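Each chain gets a letter, A, B and so on, in the order its sequence line appears, and its residues count up from 1. The structure displayed is predicted, hence computed values, not measured ones.
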Number of protein chains: 2
Amino acid sequence: MAARAPRGFGQAGGVARTVERVGERWALLIVRDLLAGARRYSDLKAGLPRIPTNILSDRLKELQQAGIIRRVPTVRGGYELTPLGRQLEPVILALERWGWAAPGEPAEGEVLTADALAVTLRAAFRGEVAAGFPPTEYVIHTGETSVSAVVDAGTLDVMDVGPDALPQPQRRVAIPPPADVLEFRVERERLSELLSGDTPPLDVETGDRGLVDRFRRTFRFDAAPGEDVTADASVA
Amino acid sequence: MAARAPRGFGQAGGVARTVERVGERWALLIVRDLLAGARRYSDLKAGLPRIPTNILSDRLKELQQAGIIRRVPTVRGGYELTPLGRQLEPVILALERWGWAAPGEPAEGEVLTADALAVTLRAAFRGEVAAGFPPTEYVIHTGETSVSAVVDAGTLDVMDVGPDALPQPQRRVAIPPPADVLEFRVERERLSELLSGDTPPLDVETGDRGLVDRFRRTFRFDAAPGEDVTADASVA
DNA sequence: CGGGATCCCAAGCGATACTG
DNA sequence: CAGTATCGCTTGGGATCCCG
């Protein structure tokens, strides 16, 4: 007996506990996508094109047992985060921020889905700054992905508006569409620059160009003040 | 050619990028321990008793190539975080917080090392609250582990004071030892309660019992206000 | 002696095929 | 559409061995 905790880390700290539950391959990406709302099996699979279906199936089972996700009874194949799972949001946002700050080329053939972009925007969102602006809607096109980000009084709501977007569950709060709307397209490779406060070329399709600056203040990954990001990755 | 990005996620978002770099098994625990300061190969191995030596070796190489850690030239077998690696601190702290908030038994046979406990205390630390108290030193014994946490004007410094603690590099700031000192022992299973604002039995060895309350205000995982943590993990 | 490298086996992962 | 089943390959685990 005493199965010696097979495949555990043998560690009692919080990091070890968390990694044991969501550290398996693909698990955090599933959580990321579910952070945007309930999704069906096929939605998850479409958002994670390279996940093998058996792995998706395994992870969904494991995450359920860990109390992180649950099935949506009313939707066949539907899954959503539990309250415990939603508490992983700070983890996801911290991972998202570091990922954009880390150097390295984007690598071709990668997809940036609407759910991923929604998390990106939430990670870059500065509520305090945004609270100083009138309600604004930003429609962002990049690669094959299109999302709408509605900013109102320090709150942010992102939704997929792409060609194959699912019908959205009604908005949480029924707000009138903002008067200020900026719609633009930016290259995927330039998104990082845009969110770092840089001014890459972007193609404004609708709205006042002056709103671009508002966007750049509202969504911004702050290079930690006083901390140098550039690290020497060259190794013998 | 075009090696088809073997074993990548095929995702462009920040979460995917981060998980690709530090998502391998054990990697984040290595980063966690290095967050406490530079460590040698044997220190890391001792702090991670269940890691196979080849895996430790592999991870150290990978983390170096990712620019997250580097060798300490002056210390044989020494490793430390790069500035980029130190930027993972928010990630580690977020993981630590979720891990303590998640339900589940501690599981026996697990170790809680000094480096892990240091991260726990940093994750639970409330600088704003602490700033209101006079400088205080807390010496905490739990299980086999003993650390000293010096709190001064909203800053926290944790160091190993266990029987086999390494000789500490000199304190960052040469401060006089605080007048207020609390030394206590708490069972490992009760640590979670203590850091949740509960009042489990603890054995005060030195200092005024009134300082216990100061400790409880200084180190505290906040149950996110208005968010219910308890989730139903029971599954068919 | 500490700091790794090698080996072998088991477990997890990935691709594809298949079923309710 | 929502998964299971199967199979080959890759990775991790554990013990041992080697090197400076």
Side-chain angles (χ1 to χ4, degrees), chain A residues 3-11 16 19-30 33-34 38-65 69-80 109 164 166-167 235-236, chain B residues 3-11 16 19-30 33-34 38-65 69-80 109 164 166-167 235-236:
Chain A
R4 317 200 44 171
R7 245 186 115 60
F9 293 101
Q11 297 265 332
V19 173
E20 279 179 2
R21 283 160 180 74
V22 292
E24 300 301 298
R25 199 164 158 73
W26 293 105
L28 280 166
L29 292 176
I30 294 170
D33 284 3
L34 289 177
R39 294 288 181 268
R40 285 168 306 167
Y41 192 93
S42 51
D43 301 329
L44 293 169
K45 201 142 163 299
L48 271 12
R50 295 243 280 248
I51 195 174
T53 177
N54 58 335
I55 297 295
L56 177 55
S57 179
D58 289 353
R59 293 293 170 272
L60 289 172
K61 270 180 257 174
E62 294 160 10
L63 291 171
Q64 273 181 90
Q65 290 205 10
I69 68 174
R70 62 160 90 103
R71 302 190 83 114
V72 181
T74 55
V75 182
R76 240 187 73 91
Y79 296 89
E80 66 183 354
D164 43 41
L166 352 158
V235 152
Chain B
R4 318 195 44 171
R7 249 184 115 61
F9 293 101
Q11 296 266 333
V19 173
E20 279 181 2
R21 282 160 180 74
V22 291
E24 300 300 299
R25 200 164 159 74
W26 294 104
L28 281 166
L29 293 176
I30 294 170
D33 285 3
L34 289 178
R39 294 290 181 266
R40 285 170 306 168
Y41 191 92
S42 52
D43 302 329
L44 293 169
K45 198 139 156 288
L48 273 11
R50 295 244 281 248
I51 194 174
T53 176
N54 59 334
I55 298 294
L56 176 55
S57 181
D58 287 355
R59 293 294 169 271
L60 289 173
K61 269 179 259 175
E62 294 160 11
L63 290 171
Q64 274 182 88
Q65 289 206 10
I69 69 174
R70 62 161 89 104
R71 303 191 81 117
V72 181
T74 57
V75 181
R76 247 187 67 94
Y79 295 88
E80 67 182 355
D164 42 41
L166 351 158
V235 153

May I ask you to evaluate whether A:Tyr79 reaches the phosphate of D:dG3, defined as a side-chain N or O under 4.0 Å from OP1 or OP2?
yes
Let me know the distance between NZ of A:Lys61 and P of C:dG12, rounded to the nearest Å.
13 Å
Sequence neighbours excluded, the answer for side-chain contact (heavy atoms from CB on, under 4.5 Å) partners of B:Arg76 is none
Look at the aromatic rings of B:Phe9 and A:Trp26 and report parallel, tilted or perpendicular, splitting at 30° and 60°.
perpendicular
Please identify each residue that fulfils side-chain contact (heavy atoms from CB on, under 4.5 Å) with B:Ser42, with sequence neighbours left out.
B:Arg40
State which residues pass side chain to side chain donor-acceptor pair (under 3.5 Å) with A:Ser57; sequence neighbours excluded, sorted by chain then number.
none
Among all residues two or more places apart in sequence or in another chain, which pass the side-chain contact (heavy atoms from CB on, under 4.5 Å) test with A:Val22?
A:Thr18, A:Leu28, A:Leu63, A:Ile68, A:Leu88
Check this one for me: any side-chain N or O of A:Ser57 less than 4.0 Å away from OP1 or OP2 of D:dT4?
yes
Mind checking the CD-CD1 spacing from A:Glu62 to A:Ile30? Nearest 0.5 Å is all I need.
9.0 Å
Listed partners of B:Arg70 passing salt bridge (charged side-chain N to carboxylate O under 4.0 Å, His left out), at least two apart
B:Glu80
Starting at atom OH of A:Tyr41, determine the distance to atom P of D:dT4, rounded to an integer number of angstrom.
7 Å
Minimal heavy-atom distance between A:Leu60 and A:Tyr41, with the atoms involved, is CD1-CD1, 3.7 Å
Whole angstrom is fine here: how far is it from CZ in A:Arg39 over to P in D:dG3?
16 Å
Tell me: CG of B:Leu63 to C1' of C:dG4, nearest whole Å?
16 Å
How many whole angstroms separate atom CD1 of A:Ile30 from atom P of D:dG3?
12 Å
Runs of at least three Watson-Crick or G-U pairs with DNA chain C, cut-off 3.5 Å:
C:1-19 with D:2-20
Readout for nucleotides 10-20 of chain D: B = base within 4.0 Å of protein heavy atom, S = sugar-phosphate only, - = neither; 5' to 3' it is -SSBBBB----
